[in-house]
Every structure is written in structure tokens, then in C-alpha cells.
Amino acid sequence: MANVKTMPAADLIAHLHPHDQPSREHTLAAVAQIRELARYLATVTDHPQDVSKALPAPNVVSDVCLILRDAMPNLAELFQALGARTEQFADSPRLYSYAEDDGDAPPGSAAHYVTQAATKLLAVASTVNTLRTTLDTAGEAGTMFNLRTGA
């Protein structure tokens, strides 16, 4: 564990969450780590005293955009998988909605809510793919900066 700070990201993730041992715990932990990494990035890029260290030049901003762009296909696939897995429960007789418990929805409406949720998750996957194109454009534009020549 001494070299955790110097491990490449892929090796660290493989160490923390072995791909050949999927589990609910690993899944939830990975999602929590994504949340914390996003919080870290938002925090260090939102404080004037830290932003010059986190993003010292436009080419670093460009690198951030391009790395995020590279992550987008996997994120889109994740939302597609979440949508497909959710849809698998539409016919489950054990599925019910909280609205049914409150008497606000007719029995059997849980399948309707599941279908709606699956549709929304697939829509998120489409949005992520659009975001990828936008990040690509921003990242590529950032590579045009050359601070040494003032261009």
C-alpha cells in the first residue's frame, strides 16, 4: 500500500475493485469514489488560491477535457447497462412502488415506473455521448494554446 499514491489510476482501481470479483459492495464503493473525485475536482477548481495549482495553464484545462472525454464512452455504457438492468424488473411480481403503498397509484403501476426509469437512464446515455463531443471540441481547442509564443 506504500505506493498507492504513485500507482497508475487503472492499477489502483483494479486493486481496489477486482474486475473478476463483481459485488454490490464494490459497485457502491466505486460510485462513492466517483462522487468524491468529482467533489475534489470541483473544490480545487473553485478556489482562487488553489486553481492556479490545479489548472496552471490552458493546456492543463485541455488535458482535463480530453481525459473526461475519454471516460464518456464508459459512462454512457454504464447508463445503458443501468437502464437495461432496471428494465429487467418490469415484469417482476415482487416489484411495487411507494406510490402503491400510499394508495396514490393503482396496483401494478410499478412496471410503468420501471419502464419510465429505464427510458430516462437510456436518455442520460445519449446526453453523455453529446457531452463527449462537446468535451472533444473544447479539449482540441485548448491544444491550440502556446503560452511561450503568445499565440
Side-chain angles (χ1 to χ4, degrees), residues 1-47 50-51 53-102 104-105 107-145:
M1 286 305 252
N3 46 331
V4 163
K5 288 185 178 181
T6 60
M7 280 179 123
D11 293 346
L12 179 59
I13 295 302
H15 173 74
L16 292 172
H17 309 290
H19 296 109
D20 60 346
Q21 300 173 23
S23 69
R24 177 182 189 274
E25 290 76 20
H26 280 299
T27 300
L28 294 176
V31 172
Q33 288 163 4
I34 291 169
R35 181 187 63 219
E36 288 307 309
L37 289 170
R39 184 194 58 75
Y40 162 80
L41 290 171
T43 300
V44 298
T45 57
D46 195 37
H47 292 87
D50 298 329
V51 75
K53 294 176 185 172
L55 301 170
N59 63 316
V60 178
V61 175
S62 173
D63 289 346
V64 169
C65 289
L66 293 173
I67 292 168
L68 288 172
R69 183 259 340 249
D70 289 345
M72 293 297 109
N74 293 330
L75 189 58
E77 287 175 15
L78 171 62
F79 279 106
Q80 288 170 348
L82 293 172
R85 181 67 176 141
T86 300
E87 198 168 34
Q88 289 177 350
F89 286 90
D91 296 330
S92 173
R94 295 171 46 201
L95 191 66
Y96 63 91
S97 71
Y98 293 111
E100 288 175 351
D101 286 343
D102 296 338
D104 292 340
S109 62
H112 170 71
Y113 292 126
V114 165
T115 303
Q116 272 189 328
T119 300
K120 296 294 183 186
L121 289 166
L122 292 176
V124 171
S126 176
T127 301
V128 168
N129 284 326
T130 302
L131 176 59
R132 180 175 189 237
T133 303
T134 305
L135 283 169
D136 188 36
T137 304
E140 291 299 326
T143 61
M144 299 292 120
F145 287 106

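Bear in mind that the values here come from a model prediction, so they are computed numbers and not experimental data. In what follows, every heavy atom counts, from backbone to side chain, and hydrogens, waters and symmetry copies are set aside.
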Residues H15 and M7: closest non-hydrogen pair is CB-CE, 4.3 Å

Hits for side-chain hydrogen bond (donor to acceptor under 3.5 Å, both in side chains) against N129, two or more places apart or cross-chain, chain-then-number order -> none

Quiz item: Taking S126 for the side chain and L122 for the main chain, is one N or O donor matched with an acceptor at less than 3.5 Å?
Solution: no

By side-chain hydrogen bond (donor to acceptor under 3.5 Å, both in side chains), Q80 pairs with (sequence neighbours left out) none

So the salt bridge (Lys or Arg N to Asp or Glu O under 4.0 Å) pairs with at least one residue in residues 56-69 (sequence neighbours excluded) are R69-D136

In short, F79 meets L121 closest at the heavy-atom pair CB-O, 3.7 Å

Taken in chain and number order and not counting sequence neighbours, the residues that satisfy side-chain hydrogen bond (donor to acceptor under 3.5 Å, both in side chains) with E25 are none

With a 3.5 Å cut-off and sequence neighbours excluded, list the donor-acceptor pairs that the side chains of residues 33-43 form with protein atoms.
unit_1	atom_1	unit_2	atom_2	d
Q33	OE1	H17	NE2	2.9
E36	OE1	R39	NE	2.7
E36	OE1	R39	NH2	3.1
T43	OG1	R39	O	2.8

Counting heavy atoms not belonging to N74, are there more than 12 under 6.0 Å from its CG? yes

_For L82, is there any backbone N or O sitting under 3.5 Å from a side-chain donor or acceptor partner on T86?_
yes

Rounded to the nearest 0.5 Å, the CG atom of L75 sits from the OG1 atom of T127 at a distance of 10.5 Å

For R132, the side-chain hydrogen bond (donor to acceptor under 3.5 Å, both in side chains) test, sequence neighbours excluded, returns none

For A118 and G83, the nearest pair of non-hydrogen atoms, with its separation, is CB-O, 3.4 Å

CG of D70 to SG of C65, rounded to nearest 0.5 Å, is 11.5 Å

